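Below is one structure, written out as structure tokens, with a few remarks after it.
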Amino acid sequence: MNRPIVFDSPFLLGFEHTRSLIERAAKAAAESYPPYNVEERPGGGLRITLAVAGFTPDTLQVTMEDRQLVIAGRRDDAGKAEDAYLHRGIAARGFIRSFVLADGMEVEGALLEHGLLHIDLDRPEPDKLIKRIPIQTAG
């Protein structure tokens, strides 16, 4: 992926991490399978829901990798030779879907029900840190 021109500025030094986040988010936005929803929950949390019909907990994996939530599904039965479909409208393929999470976002849990995988996220309030700076006198 080409870098956005804003990161070529000699006045923006040390923003490689931000550029990397933007590139990962753009890559994740280009993915289209499986379909998903993102909902706001009461209390400020989020819920990501993916349509994963035909997958079981054993064929799904949810992981966190460097602030990136990665959901992967593998299908061992995809494209069996003995199946003779007149119409095949249900996708039978594996997938990897990823979401870049902001600092402080935490995964509360994942629930598979009725072909939908729900992943709940929360952003707890950070502890307020007050640091007293001692004042020195000159001389």
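Being a predicted model, the structure only gives us computed values, none of them experimental.
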Give, for atom CG of Leu101 and atom CD of Gln68, the distance between the pair rounded to the nearest 0.5 Å. 8.5 Å
Side chains of Val52 and Ile71, heavy atoms from C-beta outward: is any pair under 4.5 Å? no
So which heavy atom on Gly73 is nearest to which on Leu60, and how close? CA-CD2, 3.9 Å
Atom CZ of Arg97 and atom CG of Leu69: how far apart are they, to the nearest 0.5 Å? 11.0 Å
In a check of side chain to side chain contact (heavy atoms under 4.5 Å, CB included) between Leu117 and each of Ile48, Thr49, Val62, which one passes? Val62
Salt bridge (charged side-chain N to carboxylate O under 4.0 Å, His left out) involving Glu106 - partner list, sequence neighbours excluded: none
Do Thr59 and Arg75 pass the side-chain contact (heavy atoms from CB on, under 4.5 Å) test, and can you show the C-alpha distance, the side-chain angles, and the key distance before you say yes or no? CA-CA 7 Å; Thr59 60; Arg75 293 292 298 255; 5.5 Å; no
Of all heavy-atom pairs linking Phe95 and Pro34, the shortest is CD1-CD, 3.3 Å
Do side-chain atoms of Arg123 reach the backbone of Gly44 as a donor and acceptor pair under 3.5 angstrom? no
Residue pairs meeting ring-ring contact (aromatic ring centres under 6.0 Å, His included), one or both in residues 116-139, sequence neighbours left out, come to none
Where do Val70 and Ser98 come nearest, in terms of heavy atoms and distance? CG2-CB, 4.2 Å
Which residues pass the side chain to side chain contact (heavy atoms under 4.5 Å, CB included) test with Ala51, not counting sequence neighbours? Pro35, Leu116
Pairs where residues 130-139 contributes a residue and the test side-chain hydrogen bond (donor to acceptor under 3.5 Å, both in side chains) is met, not counting sequence neighbours: none
Residue pair Leu46 / Met105: nearest heavy atoms and the distance that separates them: CD1-CE, 3.8 Å
Excluding sequence neighbours, so at least two apart, what forms salt bridge (charged side-chain N to carboxylate O under 4.0 Å, His left out) with Arg41? Glu108, Asp120
Are Leu111 and Leu50 co-members of a hydrophobic cluster defined by side-chain heavy atoms under 4.5 Å apart? no
Hey, could you give me each pair passing ring-ring contact (aromatic ring centres under 6.0 Å, His included) that has a residue in residues 119-139? Not counting sequence neighbours. none
Distance in Å, Phe99 CZ paired with Ile119 CD1, rounded so as to fall on 0.5 Å steps: 7.0 Å
Kindly compute the distance separating CG (Asn37) from CD (Glu39), expressed to the nearest 0.5 Å. 6.0 Å
